[in-house]
Undergrad: 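I have a structure I would like to understand better, so I am pasting it below and will then ask my questions one at a time.
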Protein chains: 2
Amino acid sequence: MDKPEIQDDSSEQRIFDAAHEVFVQKGLHGAKMQEIADRAGINKALLHYYYRSKEKLYETVVRAVINRVLPVLRDLLESDKPLLEKIDYFIHFYLQTVSKNPFVPLFLINEMNKNPDHFFETIFPKELPKPDRFFQQVQSAVEAGEIKPITPQHLIVNVISMCIFPILARPMLGVILGMQAHDMRAFLNQREVEIRSFVHAALRPAP
Amino acid sequence: MDKPEIQDDSSEQRIFDAAHEVFVQKGLHGAKMQEIADRAGINKALLHYYYRSKEKLYETVVRAVINRVLPVLRDLLESDKPLLEKIDYFIHFYLQTVSKNPFVPLFLINEMNKNPDHFFETIFPKELPKPDRFFQQVQSAVEAGEIKPITPQHLIVNVISMCIFPILARPMLGVILGMQAHDMRAFLNQREVEIRSFVHAALRPAP
DNA sequence: ATATGGTTTAACCGTTTGGTTAATTTTAGA
DNA sequence: TCTAAAATTAACCAAACGGTTAAACCATAT
């Protein structure tokens, strides 16, 4: 169904790259076809030659972004690693990925909120990560007294929230906390250690 | 500097209300002046009569949204309540406010990311909540051994993240966790209790 | 009554935007 | 080398958009 990944510098690929940049930064309506063409260094008509319409091009970009993000989540939910190790790896990976592409999660969240029906019926892949394995793992750890009782769904949501939100809200946090760009970078770099210890502390079994 | 709040059903107010709805849901570029006029039940030219341009109207809406959100944050940071009580109240209030207006935080985050310079130089109020009081409070609690050592900045960011993010990412979480709209509502309602106990657990002093 | 000033509208305008077309250039196979 | 298909472009088009204008409407004070 999906086109094979193109890695060369063909026009099609350059269009896709430019579209990815512009759409992710400006959203569907903020992005202009002319700007995408300019950034790809080709004529505007060529956009419609390879991707029929703005919507089709947009959909291609959204699909690609999703397919790059989902595997990590699947790994968190389905792999066999021990629980805490799994969580630590997840924190590490997401912070790293997201801080390299800070606009991507905001882009996805926007897309899903503005047009949920179209998104989930048309764009979203049918095969989603299955959280059952992870849920069971948490439940076992609770029963074995290794961690404080907690609903697995809330645990995973808490972790994801603390990883992603500060990067989304970076400009706001900078102002609230009274930090310049430089301090803010340092602060966000500390977060991996911080989130890990916060989660571990929250999961300590009661004495 | 700011115009006094208008609470009647004058044309100016109806335009503002309609603009608020449309801008918050669709963003600056997604919103169309004609739609705002239609929703306000008036002629399009009247938009320009009261608010000179689309940008001015947008700015008015952004200002209003900020001025509704900031006081709560100021209360968290500056009031004299005891630390944990303060945090609990903050969680309660933000979850309630945000779940009533789920698009507002996403709207603000978008605005700040897409156009940070214009936002912070032109729109943002000069008098921001001062976090020093809160920071000091956390530090005192740590020194008194009442809570586990933690950087105050990270603590507040963690709390805000766990409150706001799940509401932003609600559609995504619904899919990931395999929940229908009904279950999702119930899940989000549980979060107040959940976040509170998670934060309290994380702050328990080590034995 | 009517003059006045604020309010509201229909019609219009110039620009931008997504998209098309027809022609030109490039590529590649016979 | 010749030719047919693919790639690329300049020019163009219709619709949508933000914004303007001039006239109409309406309240109210004289």
Side-chain angles (χ1 to χ4, degrees), chain A residues 3-64 107 110-111 114-115 118-119 122-123, chain B residues 3-63 107 110-111 114-115 118 122-123:
Chain A
K3 287 181 188 171
E5 294 283 332
I6 303 169
Q7 302 262 359
D8 57 353
D9 65 338
S10 65
S11 289
E12 188 172 356
Q13 177 65 21
R14 301 185 54 190
I15 292 173
F16 175 86
D17 291 340
H20 187 282
E21 258 186 77
V22 178
F23 277 134
V24 164
Q25 281 188 36
K26 308 196 172 179
L28 172 59
H29 297 287
K32 308 296 165 190
M33 295 295 265
Q34 188 61 58
E35 184 183 349
I36 295 175
D38 290 346
R39 222 178 268 215
I42 48 92
N43 187 285
K44 195 185 55 161
L46 210 55
L47 299 187
H48 296 89
Y49 178 78
Y50 285 112
Y51 308 86
R52 291 230 305 267
S53 67
K54 189 185 187 183
E55 273 69 27
K56 291 274 180 199
L57 179 53
Y58 184 69
E59 198 177 302
T60 307
V61 170
V62 174
R63 276 215 162 81
F107 171 72
N110 273 316
E111 175 58 23
K114 309 268 148 120
N115 211 336
H118 171 253
F119 192 81
T122 314
I123 298 181
Chain B
K3 287 181 187 169
E5 294 283 333
I6 304 168
Q7 303 262 357
D8 56 351
D9 65 337
S10 65
S11 290
E12 188 172 356
Q13 177 66 20
R14 300 186 54 191
I15 291 173
F16 175 86
D17 291 340
H20 188 282
E21 258 186 78
V22 178
F23 277 134
V24 164
Q25 281 188 36
K26 309 196 172 179
L28 172 59
H29 297 287
K32 308 296 164 188
M33 294 297 265
Q34 187 60 59
E35 184 183 349
I36 296 176
D38 291 346
R39 221 180 270 215
I42 49 93
N43 187 286
K44 195 185 55 161
L46 209 56
L47 298 186
H48 295 88
Y49 178 77
Y50 285 111
Y51 308 86
R52 290 228 310 265
S53 65
K54 190 186 186 183
E55 274 69 27
K56 291 272 180 202
L57 179 52
Y58 185 68
E59 198 177 301
T60 307
V61 170
V62 175
R63 277 215 161 80
F107 171 72
N110 274 317
E111 176 59 22
K114 309 268 150 120
N115 211 337
H118 171 252
T122 313
I123 298 181

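Note that the coordinates shown come from a computational prediction; the quantities given were computed from them, not determined experimentally. Within every chain, numbering begins at 1; the chains are lettered A, B, ... in the order of the sequence lines, protein sequences first and strands thereafter.
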Undergrad: Between atom NE2 of A:H20 and atom OG1 of A:T60, what is the distance when rounded to the nearest 0.5 Å?
TA: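 Taking NE2 in A:H20 and OG1 in A:T60, the distance rounds to 11.5 Å.
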
Undergrad: Suppose we screen for side-chain hydrogen bond (donor to acceptor under 3.5 Å, both in side chains). Which residues come up paired with B:N43, at least two apart in sequence or across chains?
TA: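 Partners of B:N43 by the side-chain hydrogen bond (donor to acceptor under 3.5 Å, both in side chains) criterion come out as none, since no residue qualifies.
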
Undergrad: Atom OH of B:Y50 and atom CZ of B:F16: how far apart are they, to the nearest 0.5 Å?
TA: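 Between B:Y50 OH and B:F16 CZ, I get 15.0 Å after rounding to 0.5 Å.
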
Undergrad: What does the B/S/- profile of nucleotides 4-19 of chain D look like, 5' to 3', with a 4.0 Å heavy-atom cutoff to protein?
TA: --SBBBB------SBB

Undergrad: What ring-ring contact (aromatic ring centres under 6.0 Å, His included) pairs are there with at least one residue in residues 26-45 of chain A, not counting sequence neighbours?
TA: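 Of all non-adjacent pairs touching residues 26-45 of chain A, none passes ring-ring contact (aromatic ring centres under 6.0 Å, His included).
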
Undergrad: Could I get the full list of side chain to side chain contact (heavy atoms under 4.5 Å, CB included) partners for B:A37, not counting sequence neighbours?
TA: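 Result, side chain to side chain contact (heavy atoms under 4.5 Å, CB included) vs B:A37: B:Q34, B:I42, B:K44, B:L47.
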
Undergrad: What pair of heavy atoms forms the shortest contact from A:D9 to A:R14, and how long is it?
TA: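 Smallest heavy-atom distance, with atoms named: O-CD, 3.4 Å.
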
Undergrad: Mind listing the N/O atom pairs, protein and nucleotides 22-28 of chain D, below 3.5 Å?
TA:
none

Undergrad: Sequence neighbours excluded, which residues qualify as salt bridge (Lys or Arg N to Asp or Glu O under 4.0 Å) partners of A:E35?
TA: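 Scan of A:E35 (salt bridge (Lys or Arg N to Asp or Glu O under 4.0 Å), adjacent residues dropped) gives A:K26, A:R39.
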
Undergrad: Pull out every residue in residues 19-27 of chain A that has a heavy atom closer than 4.0 Å to any atom of DNA chain C, ordered by number, or say none.
TA: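 Heavy-atom cutoff 4.0 Å gives no residues at all.
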
Undergrad: From the 5' end of DNA chain C to its 3' end, which nucleotides mark the outer limits of contact with chain A, defined by a 4.0 Å heavy-atom distance cut-off (strictly under)?
TA: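 Extent of the interface on DNA chain C: C:dT17 to C:dT21.
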
Undergrad: Got a sec, which pairs hit salt bridge (Lys or Arg N to Asp or Glu O under 4.0 Å) with one end in residues 49-61 of chain A, sequence neighbours left out?
TA: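 Listed once each, the pairs are A:E59-A:R63.
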
Undergrad: Can you sort out the partners of B:Y58 under ring-ring contact (aromatic ring centres under 6.0 Å, His included), two or more places apart, ordered by chain and number?
TA: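 Residues passing ring-ring contact (aromatic ring centres under 6.0 Å, His included) with B:Y58: B:F23, B:F107.
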
Undergrad: Of all the heavy-atom pairs spanning B:I36 and B:I15, show the shortest one and how long it is.
TA: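 For B:I36 versus B:I15, the nearest heavy atoms are CG2-O, 4.1 Å.
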
